[in-house]
Amino acid sequence: RVPADALTVVGRGRSEVAGEPAARRDYTFEHRGHLFIGRELFVMRNNRLFVAHFHGLEENVPLFEGMIDSIVFPPGECEH
């Protein structure tokens, strides 16, 4: 686990996940001599919070973005 004070926030902003507005936070941290990229996405859908996290090397960010692009929410309201 990386302590919160070891993270350097490099960006915050708005994004979109499956057509829903999302909040994004990007950060970096060093661990065992490597620079890692972190990204968190927060999206609300049907009164539920969904969170997607990425911690990895910069060259793998496109894999995470592809995963985010593949997210879909069922149409309609929640049945609970």
Side-chain angles (χ1 to χ4, degrees):
R1 180 168 164 101
V2 178
D5 62 351
L7 304 177
T8 302
V9 176
V10 295
R12 294 177 190 260
R14 301 283 179 210
S15 189
E16 192 173 281
V17 175
E20 299 290 336
R24 186 191 80 245
R25 181 173 73 154
D26 296 328
Y27 52 90
T28 61
F29 61 96
E30 277 197 44
H31 184 65
R32 297 184 182 182
H34 296 282
L35 181 66
F36 288 90
I37 304 296
R39 177 167 292 167
E40 298 174 328
L41 289 162
F42 303 87
V43 62
M44 291 289 294
R45 172 70 176 168
N46 282 329
N47 206 30
R48 288 175 171 76
L49 176 64
F50 296 88
V51 181
H53 295 273
F54 171 79
H55 297 142
L57 300 174
E58 187 170 10
E59 64 259 22
N60 295 321
V61 171
L63 295 172
F64 177 71
E65 290 172 346
M67 184 208 61
I68 295 300
D69 290 343
S70 73
I71 293 173
V72 294
F73 293 114
E77 295 298 315
C78 180
E79 296 180 13
H80 296 19

Discussion item. Are I68 and L41 packed together at the side-chain level, in the sense that at least one heavy-atom pair is separated by less than 4.5 angstrom?
Written reply: yes
In a table with atom names and distances, give each donor-acceptor pair under 3.5 Å that connects a side chain of residues 10-19 to protein atoms at least two apart or in another chain.
none

Worksheet entry | Shortest non-hydrogen contact between M44 and N47, atoms and distance | CE-C, 3.8 Å
Discussion item. Among residues at least two apart in sequence or on other chains, which ones pass ring-ring contact (aromatic ring centres under 6.0 Å, His included) with F42?
Written reply: none
Discussion item. Using a 4.5 Å cut-off between side-chain heavy atoms of Ile, Leu, Val, Met, Phe, Trp and Tyr, which other residues end up in the same hydrophobic cluster as V72?
Written reply: none
Worksheet entry | Those residues that, when tested against E30, pass salt bridge (Lys or Arg N to Asp or Glu O under 4.0 Å) (two or more places apart) | none
Discussion item. Suppose we screen for side chain to side chain contact (heavy atoms under 4.5 Å, CB included). Which residues come up paired with H31, at least two apart in sequence or across chains?
Written reply: F29, F36
Fill in: Selection residues 31-40 - residue pairs positive for salt bridge (charged side-chain N to carboxylate O under 4.0 Å, His left out), sequence neighbours left out
R25-E40, D26-R39, R39-E65
Which side-chain N or O atoms in residues 54-61 pair as donor and acceptor under 3.5 Å with protein atoms at least two apart or in another chain?
residue	atom	partner	partner atom	Å
H55	NE2	Y27	OH	2.5

Discussion item. To the nearest 0.5 Å, what is the distance between CG on N46 and CZ on F73?
Written reply: 9.0 Å
Worksheet item: With E20, which residues qualify under side-chain hydrogen bond (donor to acceptor under 3.5 Å, both in side chains), at least two apart?
Response: R45
